[in-house]
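Each remark here refers to the structure printed beneath this line.
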Amino acid sequence: MPTFAIGATDFLLDGAPFRVLSGALHYFRVHPEHWADRIHKAKLMGLNTIETYVPWNEHSPSRGEFLTTPQLDLARFLDLVHEAGMHAIVRPGPYICAEWTDGGLPAWLTADQSMTLRTNDPTYVAAVSEYLEDVYAIVRPRQIQHGGPVILVQIENEYGAYASDKDYLRALTALTRAAGIDVPLTTVDQPNDDMLENGSLDELHKTGSFGSRASERLATLRRHQPTGPLMCSEFWCGWFDAWGAPHRVAPDSARELDELLAAGASVNIYMFHGGTNFGFTNGADDKGTYRPTITSYDYDAPLAEDGTPTEKYWQFREVLAKYAPVPDEAPAERTDAPVFEVALNRGIPLWQAGLIAEGSFAHLPTSSEFAAARGFSSYSTEIEHGGLLAFAEVRDRAQVFLNGSPVGTLSRDHHERVVPLPADARGTLTVLVENLGGVNYGPRIGEPKGLIGPATLNGRPLTRWSAGAVLLDDAEAIREALGSAVATVDAADAADAAPGPLCGPALASGRFELAAPVDLHLDTSGWGKGVVWVNGFNLGRYWSRGPLATLYVPGPVLHAGSNEIIVFETIGAERAAARFVARPVLGSSEP
Ligand code: GLA
């Protein structure tokens, strides 16, 4: 059987020096029917390894559960890597960061105030061990010495940027070894003395995360990892985008990659192919200001979100060819996607859709209290007079309605938390709150969402609330709401009529025909803010703030024949129509 080890200066594959040329590809961000294609294209660029994180919160929405649905079939993903003749690196966290909601930590875990996350707290480590056992049951037989693709497994993630509990790292290492993981174990940290010191153990191989100034960064890493191969486990070749900010690009990354490889280092390109934050899976940053990550995780990576090669792909291929053989075969360039428009000719205001599951509370609950871990929730209370409505905090965006009419919006990223109500206000106050994504870095990971109390009206507490989740997880329920209710939104009623406006918050749907399933790009410009499903598959959020102006529709979710689109628009769209365009629009970047 093959072997993989760490030698005095190099990784050793079957005893011979081996340079890891890896690319990050998160199976949970790519439609499963596209996995083989993306892996193959990594090989064609000149890579020999695929790296993935494992998102605990996706696999375990409740404790004790470990989902292996087609989207989460890690075993199949690793088998496809193997079939492609490539190696694999697995990074199971338990914390993964990754611009993934809550950095991958499950909501049921973070809701338990009795444990201290990412430390050697026995309650926390017990939960982690259940999860790691499930992951390692998949990884163990797929290690290289058992005839599989896995050559490296990472412990935690940039732990030195968070804390310095070595007993925790020891506990994770012991759990990993006890589960039969015998391949070399690594850690990754930013190339900073404190982080490298705090984030690892002597028995773990230290690697770095950076996207530039390779020689200097490798020298820092060398001080902390005096022997063995140097590796950049996250070579950042692009970056993620936040709503309302310019699209980020890294045009110089081929030169930076060349510098890294010229220094003899091994690499994992983060990301080779970023994919998409489908559904409500995106994370957020908060270093004083909350900044949610957009739906596209294109990352300015060599392989674009829709799986087509970019200019960077060809540049990287050329650089890699200087250091290792690159296959002759080359992937096809992007072709234009079909361009057409669909009338959203059936619509219903959210308040009439019967999708809100409210319970009664004698205080203002967070959405974690009614188990609305993701997406939207609704709050309502009765008021007798107007004045200043205030919350301690809004997580993360609140639209306020009085007797069904909009009176204001509060945005966490603008630090807004008060809204004036008309003096004669009286009746039902309703607040639609969106969880825009769990913070994935730093101390706010896993914080409760929804409205944070106390809520006051003119300084007096508002304590009687009805509150609950907006049920958007089940596309069938949304379809039923749209099918059974009278269409009350002013939408197009005939094929040749100009589509009318769609006034949010409302759900609307339409149907379209395709000759064959192909990738599409949904143009969301002209829409306000919301979520889209195609044939029940949640494409993710759109927002007029940009920079993103299209949503990627993976071909495998479409059918030859009739297809359905459902839009949940929270603000409003001038035309109740969905336009599909030829190419993605990621938005403009800063000059
Ligand atoms: C760090 C984390 C990754 C990711 C990148 C930024 O390196 O380890 O998970 O968040 O930053 O994309």
Side-chain angles (χ1 to χ4, degrees), residues 4 6-7 9-11 13 17-26 42 45-53 86-91 96-99 151-161 183-197 199-200 204-240 250 252-274 299-303 312 315-317 319-320 322-324:
F4 191 78
I6 290 181
T9 52
D10 294 286
F11 289 114
L13 178 64
F18 179 80
R19 191 205 290 256
V20 179
L21 299 171
S22 171
L25 198 177
H26 300 153
M45 194 175 81
L47 300 178
N48 56 31
T49 303
I50 295 288
E51 178 272 328
T52 186
Y53 279 128
M86 299 180 81
H87 304 292
I89 301 173
V90 181
R91 303 199 291 164
I96 61 169
C97 194
E99 291 70 69
I151 53 172
L152 293 170
V153 168
Q154 183 182 293
I155 299 292
E156 250 282 350
N157 191 74
E158 289 192 340
Y159 187 62
V183 291
L185 303 180
T186 62
T187 52
V188 67
D189 280 287
Q190 293 158 44
N192 155 307
D193 286 328
D194 283 346
M195 293 186 189
L196 281 161
E197 170 52 36
S200 196
L204 303 174
H205 192 72
K206 299 183 185 72
T207 72
S209 50
F210 52 88
S212 61
R213 310 210 308 268
S215 315
E216 173 196 330
R217 266 74 190 260
L218 290 174
T220 307
L221 177 62
R222 188 43 102 202
R223 286 204 298 280
H224 294 265
Q225 184 57 58
T227 63
L230 287 170
M231 179 161 182
C232 177
S233 280
E234 281 185 33
F235 170 71
W236 301 322
C237 65
W239 205 245
F240 54 94
D252 280 345
S253 57
R255 192 181 46 73
E256 304 282 2
L257 178 65
D258 203 359
E259 181 181 337
L260 178 68
L261 296 180
S266 280
V267 66
N268 174 47
I269 295 167
Y270 191 99
M271 300 292 298
F272 160 68
H273 172 54
Y299 214 85
D300 197 30
L303 199 69
K312 192 175 286 185
Q315 292 170 354
F316 277 25
R317 193 168 182 258
V319 170
L320 288 159
K322 289 166 67 176
Y323 303 93

- [ ] Answer yes or no: is there a side-chain heavy-atom contact under 4.5 Å between Gln225 and Met231?
- [x] no

Task: Test item: Phe210 and Thr220 side chains (from C-beta on) under 4.5 Å apart, heavy atoms - done: no

- [ ] Looking only at non-hydrogen atoms, find the nearest pair between Ile50 and Ala42 and report the distance.
- [x] CD1-CB, 3.6 Å

TODO: Hey, could you give me the CG/CG distance between Leu230 and Leu221, rounded to the nearest 0.5 Å?
DONE: 5.5 Å

Task: Result of checking Asn157, Thr186, Thr207 against Ser233 for side chain to side chain donor-acceptor pair (under 3.5 Å) - done: Thr207

TODO: Ignoring hydrogens and angles, state whether a donor on the side chain of Asn48 or His87 is under 3.5 Å from an acceptor on the partner side chain.
DONE: no

TODO: Working to the nearest 0.5 Å, report the span between CG of Asp10 and OG of Ser266.
DONE: 8.0 Å

Open item on the list: Could you tell me if the side chain of Leu21 sits less than 4.5 Å from the side chain of Leu47, heavy atoms only?
Closed with: yes

Open item on the list: Any non-hydrogen side-chain atom of Cys237 less than 4.5 Å from a side-chain atom of Phe316?
Closed with: yes

TODO: Measure across His26 and Ala98 and return the closest heavy-atom pair with its distance rounded to 0.1 Å.
DONE: CE1-CB, 4.5 Å

- [ ] Determine whether Arg19 and Pro229 make a side-chain contact, defined as any pair of heavy atoms from C-beta on separated by less than 4.5 Å.
- [x] no

Task: Nearest heavy-atom neighbours spanning Ile6 and Gly228 - done: CG2-CA, 4.3 Å

Open item on the list: Could you go through Leu25 and Thr52, starting from their C-alpha distance and side-chain angles, then the distance that decides it, and tell me whether this counts as side chain to side chain contact (heavy atoms under 4.5 Å, CB included)?
Closed with: CA-CA 6 Å; Leu25 198 177; Thr52 186; over 6 Å; no

Open item on the list: So Glu216 and Pro191, do their side chains get closer than 4.5 Å, heavy atoms only?
Closed with: no

Open item on the list: With rounding to the nearest 0.5 angstrom, report the CH2 to OG distance, Trp236 to Ser253.
Closed with: 14.0 Å

Open item on the list: Would you say that Ile151 contacts Val183 through its side chain, given a criterion of any heavy-atom pair below 4.5 Å between the two side chains?
Closed with: no

Task: Minimal non-hydrogen separation, Asp300 against Ala250, with atom names - done: OD2-N, 2.7 Å

Task: Carboxylate-amine/guanidinium proximity below 4.0 Å for Arg91 and Glu234 - done: yes

TODO: Could you tell me whether the side chain of Gln154 and the main chain of Glu156 form a donor-acceptor pair under 3.5 Å?
DONE: yes

Task: Side-chain touch Tyr159/Thr187, heavy atoms, less than 4.5 angstrom - done: no

Task: Closest non-hydrogen atom pair between Leu260 and Cys232, with its separation - done: CD2-CB, 3.8 Å

- [ ] Check whether any side-chain N or O of Arg217 sits under 3.5 Å from a backbone N or O of Ser212 as a donor-acceptor pair, and report yes or no.
- [x] yes

- [ ] Write down the atom of Gln190, the atom of Ala161, and the distance for their closest heavy-atom approach.
- [x] NE2-CB, 4.4 Å

- [ ] Go through the steps for Phe235 and Glu256 under the test side chain to side chain contact (heavy atoms under 4.5 Å, CB included), then give the verdict.
- [x] CA-CA 9 Å; Phe235 170 71; Glu256 304 282 2; 3.8 Å; yes

- [ ] Classify the angle between the aromatic ring planes of Tyr270 and Tyr299 as parallel (below 30°), tilted (30 to 60°) or perpendicular (above 60°).
- [x] perpendicular

Open item on the list: Do the side chains of Asp189 and Lys206 get close enough for a salt bridge, i.e. N-O under 4.0 angstrom?
Closed with: no

TODO: Output yes when a side-chain donor or acceptor of Asn268 lies under 3.5 Å from a complementary backbone atom of Ala24, and no otherwise.
DONE: yes

Open item on the list: Please enumerate all residues that pass salt bridge (charged side-chain N to carboxylate O under 4.0 Å, His left out) together with Asp258, with sequence neighbours excluded.
Closed with: Lys322

